[in-house]
Amino acid sequence: MPEAMSRIPIPLVALLFVVFATSSARSYWDRPVDVRFSGSELRDTIGQYAKLQGIGFLLDRRIDPGTRLEFMARDVSGTEMFRLLAKKLDLGFCRVGEIAYLGPKEAAAKL
């Protein structure tokens with residue numbers, strides 16, 4: 001065994017394995033999330049949030065990107081968070097792979 005490898009403490013290796021296994025076993029869409037958006041613009045805020053979560057985000061061009069957000073969700077899945085956000089804004093939501101789409105309800109239903 002290489003000398004550097006023999007110096008890694010066993011608890012650290014176990015911790016790294018647990019963190020890696022946990023994060024890879026549950027995708028963003030299934031993990032519980034807590035969010036609070038207050039007074040920020042829809043496109044910028046959700047775009048940044050999606051980027052931090054490692055997912056894509058598409059806001060339909062027919063939706064005002066400057067819409068101000070007042071939204072909070074606690075302990076819901078990523079999918080449910082987007083559903084609740086869409087409902088609050090009277091929009092449609094759908095997921096295409098790792099991309100969240102917000103737009104008119106009819107368009108979301110077709111996607």
Hey, does [Y] have a side-chain heavy atom less than 4.5 Å from the side chain of [X]?
{"X": "L91", "Y": "P104", "answer": "no"}
{"X": "P32", "Y": "D75", "answer": "yes"}
{"X": "F37", "Y": "I46", "answer": "yes"}
{"X": "L111", "Y": "C94", "answer": "yes"}
{"X": "Q53", "Y": "R31", "answer": "yes"}

same_hphob_cluster([X], [Y]) at 4.5 Å side-chain heavy-atom cutoff:
{"X": "L89", "Y": "V76", "value": "yes"}
{"X": "I99", "Y": "W29", "value": "no"}
{"X": "V33", "Y": "L85", "value": "yes"}
{"X": "Y28", "Y": "L58", "value": "no"}

Do the charged groups of R43 and D64 touch, with an N to O distance under 4.0 Å?
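D64 and R43: not salt-bridged.
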
Can you see which heavy atom on [X] is nearest to which on [Y], and at what distance?
{"X": "L102", "Y": "A86", "result": "CD2-CB, 3.7 Å"}
{"X": "S38", "Y": "E70", "result": "OG-OE1, 3.1 Å"}
{"X": "M81", "Y": "Y49", "result": "CE-CE2, 3.4 Å"}

Just grab all the ring pair (Phe, Tyr, Trp, His ring centres under 6.0 Å) pairs involving residues 83-111, residues at least two apart or on different chains.
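Checked against ring pair (Phe, Tyr, Trp, His ring centres under 6.0 Å) - neighbours excluded - the pairs reaching residues 83-111 are F82-F93.
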
Is it true that a side-chain atom of R68 and a backbone atom of G39 form a donor plus acceptor pair closer than 3.5 Å?
yes

